[in-house]
Amino acid sequence: MNAEAFARLDALPRQPLAVLPTPLTEAPKLASAIGVPELWLKRDELIGFGFGGNKVRGLEFLLADAQANHAEVLVTGAGPQSNHVRATAAAAAHCGLDAVAVYWGREPASVQGNLRLTRMLGAQTRFTNNDDRDSVDGGIDEAVLALARAGRRAYAIPRGGACALGVLGHVLAARELYLQCDARGLRPGRIVLAVGSGGTLAGWLLGTELLGAPWKVEGVTVSRPAPEARARVLALATEAAALIGVGTTLSETDVVIHGGFIGAGYGVPTRAGDAAITVAARTEGVFFDPTYTGKAFAALAALAADGLRDDGRPLVFVHTGGEPALFTDHARSSE
Ligand SMILES: *Cc1c(COP(=O)(O)O)cnc(C)c1O
């Protein structure tokens, strides 16, 4: 383990939000349903803050930075069903800050799921009226400028929370799992998780490298084409390493991201994802979501069906959250 790197990481300010460590639970019936010998779930959906999910980990660093910069308002954005935006709104409320959410597209007629929670948390919501997801980036800049003109100090968090500081939260997630496995004598062969904006996988890969952990980490893209996701993940891991003053030997070939599970598009449920949601619910009483974890677990099931072996070593699936999407009219596939 690169103890010096972790010491530097531990010395960075963090705003406590999550209840850590999140549980690591065995899922034997789900394992036999997909034909693998041993499967564990890292339960970040039970992270204990603001309806949960992986985004809370990055926000602990981002909120500390925002407060050190005397921010009064957090500005971020993504799609209207964004878990990241909802978790940011919760963190803002918790810390006594205001929040502005910038969403792509038009305001939906019906307010459901995460959008509903985000408004309930007191965030101001704006729509770019442009279906191009990149329109959010300009929208965030504009909102920050408008706030500055009104004399308010705003702190911008990039779309999806994917930035070097946020990545560090997921480096700590890798260490957390490492310690949990150590305490139980578990030696996982592979960790699998969903990839959206890429910060989570970047942190897990960097953390794995710094720990010298004996497992492979693999992502499943639910949003961008795999080659684009790979490049982003590598860039984010490299920036995050620089932030704690370490080099990384990660190269694009170390970033394994499975494609082919997005279906019609980001946030559009697939039949395979629905099947994964159903089997997890009925074998373990665990809820996956249609946008991220359902699709990522569908990929894991497909790998298992192709005969993934890992010498019989345990698999860990990171449950990154996202259940509020289940409470929308578009939670099931129409394929
Ligand atoms: C954001 C998110 C992810 C992916 O994380 P990225 O850092 O954007 O790649 C996975 N699962 C859920 C539920 C998420 O909200």
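Note that ligands are numbered from 1 as they come in the structure, with each ligand's atoms numbered from 1 the same way. Keep in mind it's a predicted model, so treat the numbers as computed, not measured.
The pair Arg190-Glu218 meets the salt-bridge criterion, with a side-chain N (NZ, NE, NH1 or NH2) lying under 4.0 Å from an Asp/Glu carboxylate O. Classification of Arg159 and Asp134 as a salt-bridged pair holds, one side-chain N sitting under 4.0 Å from a carboxylate O.
A search for side chain to side chain contact (heavy atoms under 4.5 Å, CB included) contacts involving Val19 returns nothing, not counting sequence neighbours.
Seen from the ring of Tyr292, Lys55 counts as a face-on cation partner, given the 6.0 Å and 45° thresholds. Geometrically, Arg106 does not engage Phe127 in a cation-pi contact, judged by NZ or CZ lying under 6.0 Å from the ring centre and within 45° of the ring axis.
At a 4.0 Å heavy-atom cut-off, the residues surrounding ligand 1 are Asn54, Lys55, Asn83, Ala194, Val195, Gly196, Ser197, Gly198, Gly199, Thr200, Tyr292, Thr320, Gly321, Gly322, listed by chain and number.
Counting heavy atoms from C-beta outward, Phe297 and Leu39 have side chains that approach closer than 4.5 Å.
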